[in-house]
Amino acid sequence: MKNTLTTILAALMISLTAAPLCRADEAPPNVVLIFADDLGYGDLGCYGATKVQTPNLDRLAAQGRRFTDAHSASAVCTPSRYALLTGQYPVRGNGGRGVWGPAPITSPLIVKTDQTTIADVFKSRGYDTAVIGKWHLGFGNERNAWQEPLRPGPQDLGFDYYFGMPVVNSAPPYVYVENDRVVGSDPDDPLVYLGRNAKGATAITPIPPEAANRSANAFGGAKVAHQLFNDYQVGTTFAKKSVQWITERKDKPFFLYLATTNIHHPFTPAKRFQGTSQCGLYGDFIHELDWIVGEVLTCLEEQGLSDNTLVIFTSDNGGMFNHGGQTAFKAGHRQNGTLLGFKFGIWEGGHRVPMIVRWPGKVKAGTTSSQVISNVDMLATFAAVTEQTMENTQQADSVNMLPAFLGEPEQQIRDHLVLAPNKGTHLSIRKGKWMYIPSQGSGGFGGRTPNNHTFAGPAAASFVGSVNSDIEDGKIRKDAPPAQLYNLEADVNQIINVINEHPEVVKELSSLLATYKPKTGPTTRRTGRGNPAKKIPATPSSRAASFDFESGTLAPWKIVDGQFGHIIGSRDRFFHNKGAYNKQGKHYLTTLEPSADAEKGLDSQTGVIVSPYFIPKAGKMTFRVGGGDGALVYVALCTADGNEVQFARGWKDQVMQNREWNLAPYAGKKMFIKVVDKAIDGWGHITADDFQFDGEVLTEFPEIP
C-alpha cells in the first residue's frame, strides 16, 4: 500500500503551505464526503423540489454553502468515481483511451495502485481513512474472478477500511464486501461467478416490478453471504457502519468517503420510508438518503465533532429518467429541475449536480456560490484543506476550490472544465459561460419511448417539456448543426444552440478540447493483409440463415442509436485510396458513407446497429468485416441481455477480412449481432457483410442503451 509521505510527495510534489488554516493548538479538520448515486439537480428541497422533503440536507445547506454550478466530471457512475478519487479526468484512464461506461462485474481495479488518490492525501497527514458504500471501480489486476482476497482494491488506494456494495445495487454480486473479503464468506461454500443467464444462481431479495430494473444474480454459492444482504436494508446498514466508524475515531483526524446506493435503481427504501413522499418509490428513496445524511450529522454533533468537520455532499451524476424517474415525473417531480437531459448524456441534466459544503466557522452559513466546480477538484482541494499544496503538472486536472468554500472570489477559479458523457464522441468542454459539444444530441442513453428503462435523449427531452432548437417532435432536426454551443449564462436550460453565431468561440473551444482527445486504437497500422475475403457475386447461402444486405436496405437490422447518412453502401472503390471493396454481391453495411453520391466518407457518424434476435445451432458463423480496428469500432456477438461475448474488427483497411465465431456455446440460446461505431476519425468506421450460420432468425429486436 502506498501510504507514506514519500510516495505522496513523489506523485504530487506536495509541500506545506505558508499560511495554515488551523492554529497550532487546533486539531486537523475531519472530512466527510457523501457521494450520492444518480441524484439530480432538482431532487432536493434546497434545490427547488416540492414533492420530496429533505430536512437534513436543507439544514446542511442552511448551515453552509450551496453550489449552483457544480458538476460531475462524467455523467456516468464509474468514470465519475474515477475522477473523484484520482483528480484526473476520466478520459485519461485506461491508458489514455478513457473510462466511459459502468465497470462490468468482472472488471479489474481501474485505478492504478501507483496513482495518488484523495485517500492518499489524507494518509500523508496521519488521518484514518475509510470508504463505506458503493465501490464500482473493480478489484484485482486482471479479470476479476471474485476469488478472495479481492486485491488490489480500496485498501491499495489509501483507504484503511472498506465496507460496502462491491459493484452497484442493480448488478451482482448481491453481497457485502469488508476490506478484501466477502462478508459471510465460507471456504466450503465459496462465491462462484456463473455468468449471465446461468442456472444455479443463489437466491436474492425479491423486489416488485415498480422498484425498477435489477439484473438477475450471476453468482452461485455463498448462501450465507447472500442472506446477509437485503436490498431494503442497504441504506440502513451503510448509515450504521458510518456512525460506528466515526464514533470509534472521535479522538483523531479522519476522512470518510460515504458512497450511498441511494438513489440508483432499484428503488428499495426501508419500509419506514415507503409511501412517505409524493412521487413514489423514487421520492421515498430520496427520503432515506436524507435520513442517512441526518444520521451522520447527528453522530458528528453527539461526538462534539461538528465544528471541526468539513462535510461535503454531492452526486456522481444527474438523474436518470428510468421507470422510477418517469413515475416521479408523472407525480409532478422534475429530478433535474428545468435542465435539459438526463444521466449518461452531455446536456446539463446529465452532470450538473447538487453540491453542499459545511464547515462551521470557515464556510459562511446560508450562502450560495456560482463557481464552476467539479468532483475532479476534490484531490487538490483536500490537499489544501490538510495544509498541503499541489504543483501544476501536465495532467493536473484537479483545481483547488478551497477559496470557493471559504470566501467569495469575484472571478471563476477554473479556466475550463472537461465533461464526459457515455460516448467518447460527445466529450465536451465548458469555458466561462460557453458549453461546446462537438456532436449532435446528448451522447447518452438511446431509449426512445416512455416506459423504456433507458428513455433519454431528444425523445425524453420533448416528453418532459424541454425545448431545444435542434429538436423537433422528439428527434434531432434534419437541418440541425453538426455540433452545439450554448451560452449558459443566458440560457442554462440550453434552449438555443448558438453555434452558427459564434465561430470564433467554436474555434477556440474545439482547439482546446482537442488537447484532451482520447486514444481510439493502435497508433500504427497493421502490416500484412490478414485474411482478406474474396470478392464474389451474390450467391444464395447454403446455410439455414444469412444476413447479406443484398436487398439494398438495412432490414431486418435496425439502427438503435445515432444517425447514419447511407448505412447500406454499394461502392466499388474506397474513398481515400481508391482500393477495391472485396464485397459479396453488391451491397454491404457501412458506417462511413454520408450519402450514395458523397465524394468522401464521414467518420464522425456514430451509432449502434443491431440484428434481430436469432437462435443458432452449433457450428460457426462466418462473415466479413473491414474498416477500423480501434476500441470504439467493432462487431459483437451478444447474448439476449446484451452481454458481448465475441468480437471482430477491421484491419485499418477497406479490405474486408474473413471472420468466424464459434456458436457451440450459444446453441439454442437467443442471440443477436451488434455493430458499434463510437469513433470519430482515423479509420473510425466499420464495414460488414455476408453473415452466414445455421439457426432460426426471429422477428424480435433487442433494446440497447
Side-chain angles (χ1 to χ4, degrees), residues 21-22 26 28-36 39-41 43-48 54-73 80 83-85 87 118 121-122 127 242 246 253-260 289-290 292-294 296-301 305-317 351-388 398-414 417:
L21 283 169
C22 304
E26 288 182 330
N30 307 304
V31 177
V32 174
L33 170 62
I34 304 175
F35 206 50
L39 186 80
Y41 189 81
D43 276 333
L44 303 181
C46 55
Y47 280 85
T54 53
N56 292 302
L57 283 159
D58 295 350
R59 175 166 60 96
L60 189 71
Q63 295 172 345
R65 176 161 294 173
R66 183 173 63 90
F67 285 80
T68 59
D69 208 347
H71 301 262
S72 51
S80 178
L84 175 71
L85 261 65
I118 53 176
V121 170
F122 287 103
Y127 279 60
S242 298
I246 290 173
F254 61 80
F255 167 59
L256 171 63
Y257 165 40
L258 170 56
T260 71
L289 171 65
D290 185 73
I292 293 170
V293 174
V296 173
L297 297 180
T298 298
C299 174
L300 293 173
E301 292 166 3
L305 299 171
S306 292
D307 288 347
N308 196 38
T309 301
L310 168 62
V311 177
I312 301 172
F313 175 90
T314 189
S315 177
D316 68 341
N317 47 249
H351 51 81
R352 189 181 289 235
V353 292
M355 179 178 283
I356 303 169
V357 176
R358 187 190 78 174
W359 192 0
K362 301 288 194 303
V363 175
K364 188 176 181 180
T367 56
T368 60
S369 173
S370 60
Q371 281 284 328
V372 176
I373 186 172
S374 170
N375 58 7
V376 77
D377 295 327
M378 292 304 101
L379 183 76
T381 303
F382 289 158
V385 166
T386 55
E387 300 183 351
Q388 305 171 76
S398 190
V399 174
N400 174 19
M401 299 302 294
L402 188 59
F405 290 4
L406 306 183
E408 298 179 6
E410 294 183 2
Q411 303 296 323
Q412 289 288 343
I413 298 173
R414 265 194 164 276
L417 175 64

* Asked: In Å and rounded to the nearest 0.5 Å, what is the CG to CG distance from L44 to L57?
  -> 5.5 Å

Tell me, please, which residues at least two apart from [X] pass side-chain hydrogen bond (donor to acceptor under 3.5 Å, both in side chains).
{"X": "D58", "result": "T54"}
{"X": "T381", "result": "none"}
{"X": "Q371", "result": "none"}
{"X": "R66", "result": "none"}

Do the non-hydrogen side-chain atoms of [X] and [Y] ever get within less than 4.5 Å of each other?
{"X": "L33", "Y": "L84", "value": "yes"}
{"X": "V31", "Y": "T309", "value": "no"}
{"X": "L310", "Y": "K362", "value": "no"}

* Structure fact -> ring-ring contact (aromatic ring centres under 6.0 Å, His included) filter on Y257, not counting sequence neighbours, yields none

* To do: Using ring-ring contact (aromatic ring centres under 6.0 Å, His included) as the criterion, list what pairs up with F67, not counting sequence neighbours.
  => F405

* Would you say the side-chain atoms of Q63 pair up with the backbone N or O of R358, donor to acceptor, closer than 3.5 Å? -> no

* Structure fact -> Note: L39 and A36 closest approach over all heavy atoms is CB-CB, 4.0 Å

* To do: Please report the closest heavy-atom contact between R65 and T367, naming both atoms and the distance.
  => NE-OG1, 2.8 Å

* Asked: Out of S80, S315, S72, S398, which residue meets the side-chain hydrogen bond (donor to acceptor under 3.5 Å, both in side chains) rule with N375?
  -> S80

* Any chance you could lay out the side chain to side chain contact (heavy atoms under 4.5 Å, CB included) test for I312 and F382, step after step, and finish with the verdict? => CA-CA 11 Å; I312 301 172; F382 289 158; 3.6 Å; yes

